[in-house]
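Letters go in sequence order (proteins before strands), and every chain restarts at 1. What you see is a predicted model; the values in this text were computed from it and never measured.
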Amino acid sequence: MSSRPRQAPRELPKIYTPTEAEGHWYSVWEERGYFRGDEDRPGPPFSIVIPPPNVTGSLHIGHALNNTLQDVLVRWKRMQGFNAVWIPGTDHAGIATQNVVERQLLSEGLDRHRLGREKFIERVWAWKEQSGGRIIEQLKRLGASCDWSRERFTMDEGLSRAVREVFVRLHAEGLVYRAANQLVNWCVRCHTALSDIEVEHREVNGHLWHIRYPLEDASGHVTVATTRPETMLGDVAVAVHPEDPRYAGVAGKHVVLPLVGRKIPVIADDYVDIAMGTGALKITPGHDPNDFEVGRRHGLPVISILTVDGRLNDAFLVDDAGSPLPGAPAARLVGRSRQDARSIVVEMLEAEGLLDSTEKHRHAVGHCYRCGTVVEPFLSPQWFVKTKPLAEPAIAAVEDGRTRFRPTQWENTYFEWLRNIRDWCVSRQLWWGHRIPAWYCLRCDRDAITQVEGEELRSDRIALSAQPILSAEPPSACPRCAGTELIQDPDVLDTWFSSALWPFSTLGWPQETKALATWYPTSTLVTSFDIIFFWVARMMMMGLRFTGQVPFRDVYIHALVRTETGEKMSKSKGNVIDPLDIVDKFGADAFRFALMALAAQGRDIRISEKRIEGYRNFVNKLWNAARFVLMNVEDHDPRAAGCPSLTAADRWVIRRLGQALTEVDAALTAYRFNDAALALYQFTWNVYCDWYIELAKPALQDPARRAAAQWTLLRVLRDVAKALHPIVPFVTEEIWSALPRPEGEPAHVMIARYPEPFAEHGEDLEVDRLEQLIDVIGRVRNIRGEMGVAPGQKVDLFLLSDDEAALAPLRAGEEHLLRLGNLARVVFGRTADRPPVSSMAPAGAVEVHVALPDADPAEEVRRLEKEIAKIDGELAAHDRKLGNPSFLERAPAEVVAETRARRDEALASRAKLAASLAKVRGSDG
RNA sequence: GGGCGGGUAGCUCAGCUGGCUAGAGCGUCGGCCUUACAAGCCGAAGGUCACAGGUUCGAGGCCUGUUCCGCCUACCA
């Protein structure tokens, strides 16, 4: 235990400095094991798995929001007596991490191919070891109460085992398959396939080129349009609609592919849209998914014109019989990049007079979500997960409410994607990740070789047979021929494959662990909408498939954090706010509070330092309230039995505390984080500090009331510390440590019992009256402020009411008067025959009149007139309502009664104001 | 093209199933160093709730249309 000596109460500094306290308390909590989950602990289970951040990443503000909300939930539930656990961990982040290490290699003049697979992976592990702890340390700075003894990494042995298990089982069930030749999204920079959702569509300015393909019989030409002219090299046909009169005799003929000289057929297919463009469509099965389908229907060949790194190969230089066409003009394009090829093709076509027209064209182009490179449809052998059978139960589980999204609107997004889901390409041509547990036997099936055009960089694949041997563990021999020359599939799995298993793999699955039995399904998933497809939906599919249960009951979707001006934060833009800088500057508590308060907003959260500063001030306010209390309780005995007899003010603040706790409970239960934060903010500042502490000051001077005030100050402060602890754990722990503790309260607020919401039993007229008094004080202050009365100047106060019964105690009650005198700086007038300045009285309240030292009659006239005008407006509105017969008939009785009462009050107030006005005018004239 | 979200005070945003005089923080203005806190205290000003219709006794919340902004999604050459 590194606990340092705590300061004596009187030495608490004026300003709370977070840094020291935060480091101290975090290590105390950790050393005492307060974060640890224990399967055997009593209480209903509550569990959260962290959305694993990239292991080599660093904490950004989105993580800060995400993890703050999780921490608030976990701390709250833990304090409520739940058997709570928050399981942390990190993700290996396949492409992202591999790219980082590749960049490092590049700067050393190396690349991964020269290094070799094994060495490269060692490099990545080394980098992981070096930088992997950083994000965890950052989470700790935020105060995250994760059970670090259960920290997991997606490439841990246990989790890898789960990955292999799932892959092999899915394969056995026919839900994983290998497609020998499939068009996939290919990143020519990362040299890998991507799933559909890893492609970002961006609107770009491009062109639409219209190209003439001369008919073989020289009877004319067919014009096609394309946004990617270089793909024409791989064209195998031109398609027209069978009923298009323009091309009635053309289908069945051949055209000569420009620059290449290949003769390709004109086919008829109703996929072609007659109304679109020229009505003729070039068919490039190797580079367009639709064309791939058309080509398949017509038995056309597939020509892949690109290498894995996006250069032109020579596969397109063949005639329709497959013989080489060495003399073709396009031969000079071999080896050029796709961009170069595009401009050269356009130039050449133009030179040959085959370019009909060029128009500007704005369209969406797919880009790699990791590196931003334009993605190509590319022919290659890949592994897929058949998703339909997995998606159906995932849809059903949300439909029937086993898992609920909050806000529920996100269920639409979830359904929309799952209902239109396409098979998931899970193989990646990377080295960093879970290698696919498929082996190929070199002895048998040697001829069934899967070959990909232009595959120099992936020559290891060429040796593979098309018949993988699947096993969760490495096989020692081929089950067919017993051959031992086995080669593992070189590909790794999509990062999101292992993420999809996270809720159960982290709890020990496939073993039937106690943790799994205790905490699965998990309670709440806290994440943002941008990974509903990537992660949430896939966890649902895999969780249901392999555990038979949903992975989580609630999915809380929070907003995305943006900059003050609404921009997305990104490293390249340099507008990233580093959460750690904020923590350094304002403290983790202020930052957490700000994130909480912002959490319920729509899709975006704009964060600004100003806002955080405001909550820093709140933390300091709380701190100073604690200082005040501590300065005034040195003679208080926390262990004294029973509570002293409380005054109305004491009972009042306790009543308000109960109301605040009720709000907080309702808000947190409904994931309305901002409402919970606001309720506590307002109680602490506007009720406890602004009113109760002020009311307590005179009471502390009064021997008769001192003990009760001390007891109440402490009692409420302790509840405030507990109630706020999930949001601002550090400052509350610091305060708690300085507070005297009665029997039964633990040494640390983190493990204290969360205060139960409560309502008072029965009526308390004295407390009601205090509410009135507070209202009176407000109105006196209002008048004083308006009239510019000097702060020290006492004024005469007159209180009037039709209901003398209500007024009498207020007038006579010594205690109340004292408070009023203190807080409003008034002396009490005996009569009210000419109350000089008045303030409107709301329902049931007394009228407040103040005699100012030298009241200016003209000022008073203006003031009264203004008030009368205001009342007239109100009256008119009431009359309109009450004059409406359907209002009287259909509105709820209480609403009608209330409106009547309100109108009567307004009328009475108006009469009195009018009388005052007449008097002032009279005395004036 | 399809879908979703948003337009409320000068700024950033709350406002849950339609029902008291539409709220908060910041900013602004005026007054206070009142012995917990100037990172504070007291008070004030400021809103035709994007626009136009409609439903309703009653609309910032509901319906229709218009408009502006943002996001997601899509194979339209």
Side-chain angles (χ1 to χ4, degrees), chain A residues 12 14-16 197 201 208 224-228 239 271-273 276-284 288-293 361 363-364 377 409-410 412-413 416-417 420 529-530 532-533 560 564 566 586 590 594 597-598 600-608 610-611 613-632 666-667 670 672 674-675 678 681-682 689-690 693-694 697 778 781-786 788-792 822-825 842-843 870 873-874 877 880-882 884-892 894-896 898-899 901-902:
Chain A
L12 287 189
K14 268 190 166 189
I15 288 182
Y16 170 66
I197 50 178
H201 290 90
L208 191 58
V224 298
T226 180
T227 55
R228 294 183 298 155
Y271 163 71
V272 181
D273 185 345
M276 189 71 119
T278 62
L281 184 62
K282 65 194 270 303
I283 299 298
T284 322
D288 183 285
N290 295 307
D291 294 6
F292 187 80
E293 285 308 305
H361 185 65
H363 60 138
Q409 51 171 97
W410 291 110
N412 293 331
T413 306
E416 173 68 17
W417 188 68
N420 300 303
F529 62 84
D530 56 337
I532 289 178
F533 305 152
L560 232 48
E564 204 169 346
F586 300 104
L598 290 162
Q601 292 168 195
R603 294 194 163 195
D604 298 343
I605 291 178
R606 297 189 187 191
I607 192 109
S608 69
K610 256 311 195 229
R611 191 83 192 240
E613 203 179 297
Y615 295 112
R616 189 267 320 260
N617 295 353
F618 172 77
V619 169
N620 197 50
K621 184 76 179 177
L622 175 66
W623 176 252
N624 276 292
R627 279 182 68 220
F628 174 82
V629 172
L630 288 168
M631 285 174 183
N632 287 286
R672 295 197 319 264
N674 60 325
D675 285 348
L678 187 70
Y681 181 99
Q682 291 187 331
C689 292
D690 285 352
I693 286 184
E694 293 308 318
K697 282 175 182 172
R781 285 172 174 172
N782 179 322
I783 295 170
R784 297 180 60 112
E786 287 287 276
V789 179
N822 191 357
L823 295 171
R825 293 190 184 255
K870 221 166 162 184
E874 244 177 74
R880 218 169 23 248
K881 267 191 170 176
L882 292 166
N884 182 339
S886 19
F887 172 71
L888 300 176
E889 274 167 40
R890 298 199 215 171
E894 323 87 73
V895 174
V896 175
E898 226 176 88
T899 310
R902 195 171 295 282

If you check every side-chain atom of [X], which of [options] has the closest atom?
X	options	result
Asn674(A)	A36(B), A14(B), A77(B)	A14(B)
Glu694(A)	C71(B), G19(B), A36(B)	A36(B)
Leu208(A)	C71(B), G19(B), A77(B)	A77(B)
Arg627(A)	A24(B), A36(B), A14(B)	A36(B)

What is the nucleic acid contact for [X], judged by heavy atoms within less than 4.0 Å: base, sugar-phosphate only, or nothing?
X	value
Asp291(A)	nothing
Arg781(A)	sugar-phosphate
Arg672(A)	base
Ile693(A)	base

[X] side chain near [Y] side chain, heavy-atom distance below 4.5 Å:
X	Y	value
Tyr681(A)	Tyr615(A)	yes
Thr284(A)	Phe292(A)	no
Ile15(A)	Asn620(A)	yes

Polar atom pairs (N or O), protein with nucleotides 44-47 of chain B, under 3.5 Å:
| unit_1 | atom_1 | unit_2 | atom_2 | d |
| --- | --- | --- | --- | --- |
| A44(B) | OP1 | Asn782(A) | ND2 | 3.0 |

Ignoring hydrogens, what is the shortest heavy-atom contact between [X] and [Y]? Give both atom names and the distance.
X	Y	answer
Arg228(A)	Lys282(A)	O-NZ, 4.4 Å
Val619(A)	Ala590(A)	CG2-N, 4.1 Å
Leu598(A)	Ile607(A)	CD1-CD1, 3.7 Å
Gly279(A)	Val272(A)	O-CG1, 3.3 Å

Short side-chain to backbone donor-acceptor contact, [X] and [Y], under 3.5 Å:
X	Y	value
Asn674(A)	Ala597(A)	no
Asn624(A)	Lys14(A)	yes
Asn632(A)	Phe628(A)	yes

Work out how far the [atom1] atom of [N] is from that of [M], and round it to whole angstrom.
N	M	atom1	result
C71(B)	U64(B)	C1'	25 Å
G5(B)	C63(B)	P	11 Å
U12(B)	A52(B)	C1'	29 Å
C4(B)	A45(B)	C1'	39 Å
G30(B)	C68(B)	C1'	38 Å
C76(B)	C13(B)	P	33 Å
A14(B)	C33(B)	P	39 Å
A44(B)	G19(B)	P	27 Å

Practice task
Enter the distance from Asp291(A):CG to Leu281(A):CG here, rounded to the nearest 0.5 Å.
Solution key: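 Spacing of CG (Asp291(A)) from CG (Leu281(A)) equals 5.5 Å.
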Handout entry: Steps toward side chain to side chain contact (heavy atoms under 4.5 Å, CB included) verdict (Leu208(A), His363(A))
Key = CA-CA 10 Å; Leu208(A) 191 58; His363(A) 60 138; over 6 Å; no
Take the protein atom [atom1] of [X] and the nucleotide atom [atom2] of [N], then report the distance between them rounded to whole Å.
X	N	atom1	atom2	result
Asp675(A)	A24(B)	CG	C1'	11 Å
Ile15(A)	A36(B)	CD1	C1'	12 Å
Asn412(A)	U73(B)	CG	C1'	14 Å
Glu416(A)	G5(B)	CD	P	13 Å
Phe533(A)	C71(B)	CZ	P	16 Å
Ile607(A)	C13(B)	CD1	P	11 Å
Leu281(A)	A77(B)	CG	C1'	5 Å
Asn420(A)	U73(B)	CG	C1'	10 Å

Handout entry: Per-nucleotide pairing state of RNA chain B [Watson-Crick or G-U, under 3.5 Å; [ ] pseudoknot-crossing; | other strand]
Key = (((((((..((((.....[...)))).(((((.......))))).....(((((..]....))))))))))))....
Exercise for the section: Tell me whether the OP1 or OP2 atom of C41(B) has a side-chain N or O from Lys621(A) closer than 4.0 Å. Expected result: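 Checking C41(B) against Lys621(A), a side-chain N or O does come within under 4.0 Å of OP1 or OP2.
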Practice task
Syn or anti for G61(B), please, going by whether the chi angle lies within 90° of 0.
Solution key: syn
Problem - Full working for side chain to side chain contact (heavy atoms under 4.5 Å, CB included) between Leu888(A) and Leu882(A) - result: CA-CA 7 Å; Leu888(A) 300 176; Leu882(A) 292 166; 4.0 Å; yes
Exercise for the section: Nearest-nucleotide wise, let me know which of Ser886(A) and Arg616(A) is further upstream toward the 5' end of RNA chain B. Expected result: Arg616(A)
Practice task
Apply side-chain contact (heavy atoms from CB on, under 4.5 Å) to Arg781(A) and list each qualifying residue two or more places apart in sequence or on a separate chain.
Solution key: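 Arg781(A): side-chain contact (heavy atoms from CB on, under 4.5 Å) contacts with Trp691(A), Ile777(A), Leu823(A).
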Could you list the protein-to-nucleotides 74-76 of chain B atom pairs, N/O on both sides, closer than 3.5 Å?
| unit_1 | atom_1 | unit_2 | atom_2 | d |
| --- | --- | --- | --- | --- |
| C75(B) | OP1 | Arg422(A) | NH2 | 3.4 |
| C75(B) | O2' | Asn290(A) | ND2 | 3.3 |
| C75(B) | N1 | Asn290(A) | OD1 | 3.4 |
| C75(B) | N1 | Asn290(A) | ND2 | 3.3 |
| C75(B) | O2 | Asn290(A) | OD1 | 3.1 |
| C75(B) | O2 | Asn290(A) | ND2 | 2.9 |

Practice task
Return the orientation label for the Phe529(A) and Trp410(A) ring planes: parallel under 30°, perpendicular over 60°, tilted otherwise.
Solution key: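 Because their plane-to-plane angle is under 30°, the rings of Phe529(A) and Trp410(A) count as parallel.
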List, with names and distances, any nitrogen or oxygen atoms from the protein found under 3.5 Å away from nitrogen or oxygen atoms belonging to nucleotides 25-35 of chain B.
none

Practice task
Can you sort out the partners of Glu416(A) under salt bridge (Lys or Arg N to Asp or Glu O under 4.0 Å), two or more places apart, ordered by chain and number?
Solution key: none
